[in-house]
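Encoded as structure tokens, the structure appears first; notes follow it.
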Amino acid sequence: MKMKRNLVVVAASALSLMMAFPAMASADAIESIDLEIDSSISAGDSGEDSDVTVESNSDECEVEDVEVTNAPDDDDEWESGDKPKLKVTLSADGDDYKFTSSLSKSDVELSGDDDAKVTSISRSSNTKLYVYITLGALDDDDDDDDDDDKSSSSDYDLDVYGLEWLADGRASWDGGEDARKYEVRLYRGSTALTSAETTTNDYYNFSQYFTSSGTYTFRVRAVYNSSYKGDWETSEELYVTSTEAAEIRDSSSGTVTSGDSGSGPGVASDSGMTSTSSGAWLLDDVGWWYSRADRTYPAGQ
């Protein structure tokens, strides 16, 4: 009887392990990480004003904590040439994902600070990862000398509005008068297709990234300098079929389907993606409309 009882215990233990194993094996490995940095630290700021946020652009993990490890004492100030150092704590999303043991610092992509670098990473478990980042050197912004009366982002006109899709895959928007440049990103569904790209124009050509059917959106924010940035704004959704995506992608090489001001999406071609040298079809929350190059539109035609 004693041997039989032992066999039952062993069998039960083996069954328990077999039931647990599929749950462990089903977790997807996180092999790359995309982090976006937003730092408001400037030379002359006190240690207590060391404000940095980091966001994960992946559904697989999230930022749990951000620590500035070399911030000056509260009575001291950041000086020109200082490089803020961050310790970013990441958590994998529940039981669905885990950080692979082969993950290295080269697998972490950064945006928001062109000079930021990942110095090292470490894991405390399959679901918790520490990323150590050094930001670019701080400098005195001489361009702000004429704006000494402005002390926060709210003092600047950094609104972004009028977000629109142009028919050839370009994103278009209008920005506030204090915007010196813009940061833009492209998404298909919830997946980020680009890092935060910088442009001084009020448009950006995303046509090369239309590689498949899906729902595309773009995000944009105005930037005055590294300390003062506007809020991210999100465009209306643009759904394209695989055929339309190919035509948009071809437009980046100059092979855009031509049309005239009397035709429109779904009329001029099967895809409905048409543009001319004098204007383009735009999509907003109301629908498609034709815009001339000077942003006027035809009426009664």
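Sequential numbering from 1 along the given sequence is applied to the chain's residues.
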Side-chain atoms of residues 211-218: list all donor-acceptor pairs with protein atoms under 3.5 Å, sequence neighbours left out, distances to 0.1 Å.
unit_1 : atom_1 : unit_2 : atom_2 : d
Tyr216 : OH     : Arg188 : NH1    : 3.4
Tyr216 : OH     : Ser212 : O      : 2.6

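The hydrophobic cluster containing Val88 also contains Leu103, counting ILVMFWY residues as joined when their side-chain heavy atoms lie under 4.5 angstrom apart, directly or transitively. Under the 4.5 Å side-chain contact rule for hydrophobic residues, Phe206 and Leu193 share a cluster. Under a hydrophobic-cluster definition in which Ile, Leu, Val, Met, Phe, Trp and Tyr are linked whenever side-chain heavy atoms come within less than 4.5 Å, directly or via other members, Val68 and Leu138 are assigned to the same cluster. Ile37 and Val223 are members of different hydrophobic clusters when ILVMFWY side chains are connected at heavy-atom separations under 4.5 Å. One hydrophobic cluster, built from ILVMFWY side chains closer than 4.5 Å, cannot hold both Val63 and Trp232; they sit in different ones.
No side-chain N or O of Thr241 forms a donor-acceptor pair with one of Thr243 less than 3.5 Å apart. With hydrogens and angles left out, the side-chain atoms of Ser104 and Ser106 include a donor and acceptor closer than 3.5 Å.
Sorted by first and then second residue, the ring pair (Phe, Tyr, Trp, His ring centres under 6.0 Å) pairs with a member in residues 174-198 read Trp173-Tyr182; sequence neighbours excluded.
No donor-acceptor pair under 3.5 Å is formed between the side chain of Arg123 and the backbone N or O of Leu129.
Within 6.0 Å of CD in Glu64 there are more than 12 heavy atoms belonging to other residues, nucleotides or ligands.
Across all their heavy atoms, Glu233 and Leu163 have their closest contact at O-CD2, 3.7 Å. Taking each heavy atom of Ala196 and Ser111 in turn, the nearest pair found is N-CB, 3.8 Å.
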Before you tell me yes or no, could you show the steps for Glu31 and Thr100 under side chain to side chain donor-acceptor pair (under 3.5 Å), namely the whole-Å CA-CA distance, both residues' side-chain angles and the distance that decides it to 0.1 Å?
CA-CA 6 Å; Glu31 299 178 342; Thr100 177; 5.5 Å; no
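A cation-pi arrangement is not found for Lys85 relative to Tyr132, the charged atom failing to lie both closer than 6.0 Å to the ring centre and inside a 45° cone about the ring normal.
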